[in-house]
Amino acid sequence: MLDWSRRGRGRSDQSPGSVVLAWGEGVGYSSRAMSELPKAYEPTEVEKSWYQAWLDAKCFEADPSSEKPPYSIVIPPPNVTGILHLGHVLNNTIQDILARRARQKGCEVLWLPGTDHAGIATQTKVERQLRDEEGKTRRDIGREAFLEKVWEWKEKHGGIIIKQLKRLGCSCDWSRERFTMDADYSKWVSKVFADLFNEGLIYRGKRMVNWCPVSRTALSDEEVIPKKQNSKLYYMKYELVDEPGKFLEVATTRPETLMGDVAVAVNPKDERYGRYVGKLVKRPFPAAEIPVVADDHVDPEFGTGALKITPAHDKADFEIGMRNDLEIIDVFHADATVNCPEVPELDGLDRFVARKKASAMLEEMGLLIKVEEHENNVGFSERADVPIEPRISMQWFLKYPATEETAKAVAEGEIDYRPARWAKTHASWMDGIQDWCVSRQLWWGHRIPVWYRKDKVETLQEAESLTLDNLGAGDLHVSAVPPVDPENWVQDEDVLDTWFSSWLWPFATMQNLDEDSDLVKKFYPTTDLVTGPDIIFFWVARMIMAGYRFKGELPFRNVFFTSIIRDIQGRKMSKSLGNSPDPIDLMEKYGADGLRFGLMRTAPIGADLRFDEAQVEEGRNFANKIYNACRFRRMAGSDSEVNFKPSECETLRPYHLDILSKCDELAKNQESAYAEYRFNEVGQQLYDFLWSEFCDKFLEAVKGDLHDDATQVQRETTLGVFDSVMARYLQLLHPYMPHLTEELSLRMGYTTEGQFVMEKKLPVSGLLDGVDAGMISEGCEQAAAVYETAAKLRNLKAEYRLAARKDVRFIAKTGPSWLEAEADTLALLVGAEGVILDESYIPEQGTPGAVTASGELFMPLEGLVDVEAEKARLDKEIEKIQKEVGKSKGKLGNEKFVANAKPEVVAIERERLVEWEGKLAQLQEMRKNLR
RNA sequence: GGUCGAUUAGCUCAGUGGUAGAGCGCUUGCUUCACACGCAAGAUGUCACUGGUUCAAAUCCAGUAUCGACCACCA
């Protein structure tokens, strides 16, 4: 027998087109041999071999010289260290759907993939490995050796997520895979830096930045995650110099920074403290006299209304310090251990150890008043997940370019944000935009393309402010090209923020710096961007700025923001919670198509998605349903004409017209759902059509046409309709379930050797084009009437416990003109012996019947039920229920029960009574009808 | 504190002015010659709450409550 499912067969030695179909051999409906086919679809091997087939045929490769209209999309590059999670699955499935749909619509598609070097994340991983395996730090082995290690690591582990995307079926143009640290890409990064410096938008200065003590680098504001913390608020007192024995009380969460205190600030409007402004108070350790200053920032309502000022370790304090011309005393090392030799008790301690120790010291000195529990927000480093330390350091900053165009493009809809409300988030960020700290004290990344003249390096590196305006001529070399005389220069030690390369992604991937590129001409600006709303600031907005500034236009036209995936309890997916299922496991279990479809069908637009494995199971079941519909078709024989055309067929039945018309409707509805990026709706439409319309109705209605006693014409027509609809349907489904549709199309002969569904253009014409509209609507109406009638008759059977009986007969006295012609089909759908039109029929009294779209139909019961046995059964049942009703009534009639039982218990009892009584009435009615 | 969401069946979610829906789960009956990853029948709802607009509101407006996200934060 033919190996139809191709189970367990590799495709390595064989292209899919070369598989010989047993199609022409024709197997009768009653053939027993077919039952040897696997009953369930087994996706794993099928998916892997089709992916390879697409790759072999270069289906994903974009041709910049093509005449077709362009469609392009750049992948949000996953971290090179990344492992696929469900967020990636959702995001990339959407991109794949868009890309595949665009191909079907006749576009030349470029889906450009790649990975991001992910500065801190990657460096941290390799540092950890170095520590675990060799017990060394990166400083032990030096910059060059360390970078070598990172590259080694990248080569070894960097491709994991790419392999995983391939497993998912992503149709990326892998021949154009990019990495943000590719040599060509890096040139762009340096050039952009140099250009912005020369434009005066990049400058270097000593500022307060977010410092990560673990990674020992500055971070941008966006990389700081505020977290609610249960902290302590320490109330302490500073003695007034002029008035010994009198104290000023302050409250702080950070007593360990006390050594850096240079003032106490109060609100000038605060009457309690007004008289102290200008006086001096005693700082306990190291002992010093510090002034009381007035500043509007201080909130009189909070704590004691007096605030200790530590300009080196708090952003607000820093600003107050600037306004009041205060000294800045840094009391921490780069790793946030205390740097204060004057206080040996604290010197060298970790900041959190120092906090406890400082508090204890204050208590000893009698200066600690009380300690309160206090909830506050603490900024955490996104990567290292430790509290960041506000710290003054020398960093490079960027004043964002093209901010006005960027804000305008989104506000005015030149770039469409979907859902549109994210445009507001974009606007509010653009509104309060702060200069971007772009330097990082890391090694893994793009090194800042700034060289200092060797003989002046010390002065230059210590210069408080370094801009285009104040640099000494010829002392700096800022360029994408290193100096020609490297021996005279020293390069800046720092690297750039990862996002400083990411923001160039849409064009730096398409075009090398010095070359004209066909790619960029054909495919830039890109069409769609699909990403998460959590990186609007990190990435999306910045890409728009870079696009305007360096390419003179916007980088994409539409941005689709995906849902954030949560677990079933609504928690974020995270490694530490262990609530993040491995998509690869899910694909092995349910198939990539099942995972894709399940996720897409329920993914809400613009809201969080609660992931439930049951969704994926549903996707797999759906794949199986389609597979089995096709399997059924295969068993039914091969009598279909290859070029069946509904418009040329004169023997179409209502069910044929109905399903053909529904299929055309589906194609139209898909169009509008895609136009609005309503992916869940697209999925739902595909699901409903196949399951409800095609399988439950159409297939069941036409089964009679395929029985052994059917005529050749009946068979050919039905098979022809089946094939026309299924071939079209598989095309429509292809973006969601690419592997399955490719497999079935080939197996069914809808595609032939060397053809791919993914390359086949979606026809513009409908299946029913050319068919008389009146005929269509009449047919659809009749089909609808038959389906409705069938449902009512089934219902009637079930009511009389005859659902499983095949020998039930239905009799109509009158009916629509077509009833006689469709009576057999009706009987087939209902599972009845027959539906008979008999004008002379006089129903006996009590004969059950139903009024339907096909007229009133009766269901005579004689001979169907052993009346006496059924009577006995019903009597027994009725007796049982009567007992229950009696019990329940007794309970509710008992005053003590009603008064003392919990109200909900009484309510449940009442509900139960109603239920029992309803059932009783129903049974009594049935009993009455039994004669 | 500000902004934006969400609140519909036991669960996950559709539904944007016109008879409350799907899948899963549940109950009942079916190994019916594609499919038990299935078929058929069935039960299940104060559409969060309060007002308003309207002939008509789950849907539009206002407010309230709860949950969530983002932004800004009081040390």
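To find a chain, count down the sequence lines: A is the first, B the second, and so on, and within it residues start at 1.
Partner assigned to B:U66 is B:A6, using Watson-Crick or G-U wobble distances below 3.5 angstrom. In this structure, B:U54 forms no base pair with any nucleotide, since neither Watson-Crick nor G-U wobble geometry is met with both distances under 3.5 Å. Shown here, B:C33 forms no base pair; nothing in the strands shown gives a Watson-Crick or G-U wobble contact with both key distances under 3.5 Å. Nucleotide B:U27 forms a Watson-Crick or G-U wobble pair with B:A41, both donor-acceptor distances falling under 3.5 Å. Of the nucleotides present, B:C71 is the one that pairs with B:G1 by Watson-Crick or G-U wobble criteria, both distances under 3.5 Å. Taking a pair to require two hydrogen-bonding distances under 3.5 Å in either a Watson-Crick or a G-U wobble arrangement, B:G21 pairs with B:C13.
The side chain of A:Arg610 sits closest to B:C13 out of B:C13, B:A34, B:U32. The A:Ala629 side chain lies nearest to B:A34 when the options are B:U32, B:C74, B:A34. Checking B:C4, B:C35, B:A41 against every side-chain atom of A:Arg421, the shortest atom distance belongs to B:C4.
With hydrogens and angles left out, the side-chain atoms of A:Tyr41 and A:Arg620 include no donor and acceptor closer than 3.5 Å. Inspection of the A:Lys308 and A:Thr257 side chains reveals an N or O donor paired with an N or O acceptor under 3.5 Å. In the model, A:Glu613 has a side-chain atom that pairs as donor or acceptor with a side-chain atom of A:Tyr590 under 3.5 Å.
We find that OH of A:Tyr234 is positioned 19 Å from P of B:C74, with the value rounded to whole Å. Atom pair A:Trp422:CH2 and B:C4:C1' shows a separation of 8 Å (rounding to whole Å applied). Regarding A:Tyr41, its OH atom lies at a distance of 16 Å from the C1' atom of B:A34, rounded to whole Å. Spacing between atom CG of A:Asp270 and atom P of B:A75 amounts to 18 Å, rounded to whole angstrom units. The interatomic distance linking A:Gln434 (CD) with B:C71 (P) rounds to 13 Å, in whole Å. With rounding to whole Å, A:Glu373 atom CD is found 15 Å from B:A75 atom P. What separates CD of A:Gln685 from P of B:G15 is a distance of 12 Å, to the nearest Å. Between the NE2 atom of A:His707 and the P atom of B:U32 there is a distance of 14 Å, given to the nearest Å.
Checking the phosphate oxygens (OP1, OP2) of B:A72, no side-chain nitrogen or oxygen of A:Lys315 falls inside 4.0 Å. Taking side-chain N and O atoms only, A:Lys625 has no distance below 4.0 Å to OP1 or OP2 of B:C35. Look at A:Arg620 and you won't find any side-chain N or O under 4.0 angstrom from OP1 or OP2 of B:C37. Contact annotation: A:His297 side-chain N/O to B:A75 OP1/OP2 distance is not under 4.0 Å. For B:C4, the OP1/OP2 oxygens have a side-chain nitrogen or oxygen of A:Lys424 closer than 4.0 Å. Residue A:Asn680 places none of its side-chain N or O atoms closer than 4.0 Å to OP1 or OP2 of B:C13. Contact between the side-chain N/O atoms of A:Arg678 and the OP1/OP2 oxygens of B:C13 is not found at any separation under 4.0 Å.
Atom C1' of B:A6 sits at a distance of 15 Å from the matching atom of B:C49, rounded to the whole Å. Only the P atoms considered, B:C4 is 14 Å distant from B:U64, to the nearest whole Å. Comparing the same atom, P, in B:A48 and in B:C30 gives a spacing of 40 Å after rounding to whole Å. Rounded to the nearest Å, the gap between the C1' atom of B:U32 and that of B:U8 is 37 Å. Atom name C1', nucleotides B:C47 and B:U7: the rounded distance is 10 Å, in whole Å. Straight-line distance between the C1' atoms of B:U31 and B:G21: roughly 32 Å, to the nearest whole Å. As rounded to the nearest Å, B:C61 and B:C24 have P atoms that lie 35 Å from one another. Here the separation of B:U66 from B:U27, taken at their P atoms, is 37 Å to the nearest Å.
At the heavy-atom level, A:Ser428 lies nowhere under 4.0 Å from the strands shown. Across all strands, A:Ala316 comes closer than 4.0 Å only to sugar-phosphate atoms, never to a base (heavy-atom distances). At a threshold of 4.0 angstrom between heavy atoms, the contacts of A:Glu681 with the nucleic acid are absent. Counting non-hydrogen atoms under 4.0 angstrom, A:Asn376 reaches the backbone sugars and phosphates but no base. Counting any heavy atom pair closer than 4.0 Å across all strands shown, A:Asp696 reaches sugar-phosphate atoms only and no base atom.
A donor-acceptor pair under 3.5 Å is formed between the side chain of A:Thr252 and the backbone N or O of A:Arg254. In this structure a side-chain-to-backbone donor-acceptor pair under 3.5 Å is missing from A:Arg418 to A:Tyr677. Under the 3.5 Å distance criterion, the side-chain polar atoms of A:Thr718 are left unmatched by any main-chain donor or acceptor of A:Arg715. When atom types are taken as modelled, the side chain of A:Glu47 and the backbone of A:Ala592 share a donor-acceptor pair closer than 3.5 angstrom.
A:Pro387 meets the side-chain contact (heavy atoms from CB on, under 4.5 Å) test with A:Arg351, A:Phe352, A:Val378, A:Phe380; sequence neighbours excluded. Listed by chain and residue number, nothing satisfies the side chain to side chain donor-acceptor pair (under 3.5 Å) test with A:Asp314 (two or more places apart in sequence, or in another chain). Applying the side-chain contact (heavy atoms from CB on, under 4.5 Å) test to A:Ile535 and every residue at least two apart in sequence or in another chain returns A:Trp499, A:Thr531, A:Phe538, A:Trp539.
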Strictly under 3.5 Å: I want the nitrogen or oxygen pairs between protein and nucleotides 21-25 of chain B, one per line.
residue: B:G23; atom: O2'; partner: A:Glu618; partner atom: OE1; Å: 3.1
residue: B:G23; atom: O2'; partner: A:Glu618; partner atom: OE2; Å: 2.0

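The residue among A:Arg794 and A:Asn624 whose nearest nucleotide of RNA chain B is located toward the 5' end is A:Asn624. Remark on RNA chain B: of its neighbouring residues A:Leu609 and A:Ala791, the 5'-side contact belongs to A:Leu609, judged by nearest-heavy-atom nucleotide.
Each of A:Tyr687, A:Phe689, A:Tyr736 was scored for a ring pair (Phe, Tyr, Trp, His ring centres under 6.0 Å) with A:Phe622, with one residue passing: A:Tyr687.
Among residues at least two apart or in separate chains, there is no salt bridge (charged side-chain N to carboxylate O under 4.0 Å, His left out) pair with a member in residues 419-430 of chain A.
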Quick tally for nucleotides 26-31 of chain B: nucleotides whose base has a protein heavy atom under 4.0 Å get B, sugar-phosphate-only ones S, the rest -, giving ------
Could you walk me through whether A:Phe694 and A:Tyr729 pass ring-ring contact (aromatic ring centres under 6.0 Å, His included), step by step?
-> CA-CA 10 Å; A:Phe694 192 81; A:Tyr729 176 77; 7.4 Å; no
